[in-house]
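Have a look at the structure below, then the notes.
Just so you know, these numbers come straight off a predicted model, no measurement behind them.
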Amino acid sequence: ATDRPFMELDTIKDLSEHYQKNGTPKDRLAISYLMGRAYMKRKELRQAYLAFQRCLKDSVSTDDQKYNTLLSKTHIQLSGIYNGRHMADEEMDELHKAIYMAQKAGNDTLALLCKTYLFSPYKAKNDTAMVIKILENACSEMRAKGMIQQSAGHQTALMNAYIKVKDYDNARKSMEIFERESGFFDEHGNIIRGREIFYYKKGLLMLGIGKRDSAEFFFRKLLANAQNPSNVEAANKGLLELYKVLN
């Protein structure tokens with residue numbers, strides 16, 4: 001339930017062998033999914049892929065809600081693997097299957113989250129118009145269902161898309177919603193650890209609307225708080241764009 005590796009992989013393998021021989025289809029699905037997640041945590045993506053494929057191979061047609069929800073999550077995991085391999089068509093196909101299984105399970109919240117994830121393959125295809133359409137619809141639907149924080153959490157992806165098409169008015173609105181309603185900021189207005197890449201996006205927005213000093217402030221704020229090479233790269237990329245503008 002907490003998606004944490006609470007067993008050694010060898011223990012899960014032993015359980016898998018037992019349930020593959022003696023378990024019901026639900027047992028086999030559950031243990032294969034657990035094994036796939038364990039491999040994902042270890043970044044052994046090929047083995048994870050095989051485990052999730054085994055989930056689908058062992059699946060049966062049923063109206064059991066928990067079973068179909070787990071099948072939906074299996075398709076979500078596969079979509080993530082395809083995303084990492086830059087296989088946008090395969091990622092999109094898995095997400096549509098995930099939506100179908102979530103709807104079959106009567107899990108409207110999961111189906112809506114899957115619809116939101118659909119922006120990713122369109123982003124990979126550089127179809128920014130579809131990215132905006134998907135995220136606008138999903139965020140609006142979340143808000144209508146009272147999922148205010150979840151809706152706000154997706155605003156940075158929407159903000160990115162608006163910046164890409166130079167729609168800075170809507171980008172600013174997305175930024176303000178994210179800062180006000182996402183719950184990702186401390187009492188000093190600083191974003192929580194692990195989400196510092198937001199400063200790069202905010203810097204791009206400031207640069208787009210001509211606030212160059214503010215743009216530099218946020219790029220440098222990211223650089224000062226960078227926890228990984230990707231953030232360092234983004235911060236320097238932002239500064240490079242700023243220096244080009246400043247000639």
Side-chain angles (χ1 to χ4, degrees), residues 1-124 134 138 141-142 145-147 149-151 153-154 157 194-195 228:
T2 58
D3 195 27
R4 295 186 180 275
F6 58 93
M7 299 177 186
E8 294 293 331
L9 190 58
D10 288 343
T11 304
I12 299 178
K13 287 180 178 178
D14 289 341
L15 286 171
S16 178
E17 184 177 344
H18 170 79
Y19 284 116
Q20 294 297 342
K21 291 179 180 179
N22 306 302
T24 66
K26 294 179 186 178
D27 294 331
R28 293 196 295 272
L29 173 64
I31 195 64
S32 294
Y33 182 83
L34 178 62
M35 200 162 182
R37 286 299 305 149
Y39 278 123
M40 289 286 280
K41 289 289 186 179
R42 293 162 63 97
K43 302 190 185 304
E44 296 182 30
L45 297 187
R46 173 172 168 73
Q47 292 301 322
Y49 174 83
L50 293 174
F52 293 131
Q53 286 293 344
R54 190 158 55 248
C55 289
L56 302 182
K57 181 180 178 182
D58 291 339
S59 67
V60 295
S61 180
T62 176
D63 291 328
D64 184 276
Q65 290 185 345
K66 290 184 179 179
Y67 186 83
N68 289 328
T69 293
L70 198 53
L71 274 177
S72 177
K73 291 181 178 180
T74 299
H75 287 296
I76 293 172
Q77 296 298 323
L78 285 168
S79 77
I81 291 174
Y82 286 130
N83 174 273
R85 294 178 178 177
H86 307 291
M87 299 169 68
D89 289 332
E90 289 78 2
E91 179 187 4
M92 191 180 301
D93 182 56
E94 292 295 338
L95 286 171
H96 281 297
K97 290 175 181 176
I99 293 168
Y100 171 77
M101 294 311 303
Q103 290 172 335
K104 187 175 180 181
N107 194 330
D108 294 338
T109 299
L110 183 60
L112 178 53
L113 289 173
C114 294
K115 290 178 184 177
T116 308
Y117 299 152
L118 275 172
F119 87 87
S120 175
Y122 283 105
K123 180 181 178 183
I134 288 168
E141 193 172 341
M142 284 181 184
K145 291 180 179 292
M147 300 166 63
Q149 190 168 343
Q150 293 94 326
S151 175
H154 286 89
R195 293 184 174 271
N228 59 57

[X] side chain near [Y] side chain, heavy-atom distance below 4.5 Å:
| X | Y | result |
| --- | --- | --- |
| K115 | I134 | no |
| Y39 | R46 | no |
| L70 | K26 | no |
| L118 | H96 | yes |
| M40 | L45 | yes |
| D63 | K104 | yes |
| M87 | E91 | no |
| E90 | L78 | no |

Return the minimal non-hydrogen interatomic distance between [X] and [Y], and the atom names on each side.
| X | Y | answer |
| --- | --- | --- |
| S32 | R54 | OG-NE, 3.6 Å |
| A138 | L112 | O-CD1, 4.1 Å |
| H154 | Q150 | ND1-O, 2.9 Å |
| L95 | Y117 | CD1-O, 3.6 Å |
| R37 | F52 | N-CZ, 3.7 Å |
| I99 | A111 | CG1-O, 4.1 Å |

Taking [Y]'s backbone N and O only, do any of them form a donor-acceptor pair with [X]'s side chain (distance below 3.5 Å, no angle check)?
| X | Y | answer |
| --- | --- | --- |
| N68 | T62 | yes |
| S16 | I12 | no |
| Y67 | L29 | no |

State, without any angle test, whether Q103 and S72 hold a side-chain donor-acceptor pair at a distance under 3.5 Å.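 Note: Q103 and S72 side chains miss the donor-acceptor criterion.
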Are a donor atom and an acceptor atom from the side chains of D27 and T24 found within less than 3.5 Å of each other?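 Yes, side-chain donor-acceptor contact under 3.5 Å.
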Hey, are K21 and E17 close enough for a salt bridge, meaning a charged N less than 4.0 Å from a carboxylate O?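 A salt bridge is present here (some side-chain N lies under 4.0 Å from a carboxylate O).
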What distance do [X] atom [atom1] and [Y] atom [atom2] have between them, rounded to the nearest 0.5 Å?
| X | Y | atom1 | atom2 | answer |
| --- | --- | --- | --- | --- |
| T116 | M147 | OG1 | CE | 7.5 Å |
| L71 | K97 | CG | NZ | 11.5 Å |
| T109 | K145 | OG1 | NZ | 7.0 Å |
| I76 | M101 | CD1 | CE | 11.5 Å |
| M35 | C55 | CE | SG | 11.0 Å |

Is the NZ atom of K73 crowded by more than 12 outside heavy atoms at less than 6.0 Å?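 Open: at most 12 neighbouring heavy atoms sit under 6.0 Å from NZ of K73.
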Is it the case that over 12 heavy atoms from other parts of the model lie below 6.0 angstrom from the CZ atom of R85?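 It does: R85 CZ has more than 12 such atoms within range.
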Chi angles and distances behind the side chain to side chain contact (heavy atoms under 4.5 Å, CB included) call for Q20, I31: CA-CA 8 Å; Q20 294 297 342; I31 195 64; 4.1 Å; yes
Below 30° counts as parallel, above 60° as perpendicular, anything between as tilted: where do the rings of Y82 and Y49 land?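 Ring orientation, 0 to 90° scale: perpendicular.
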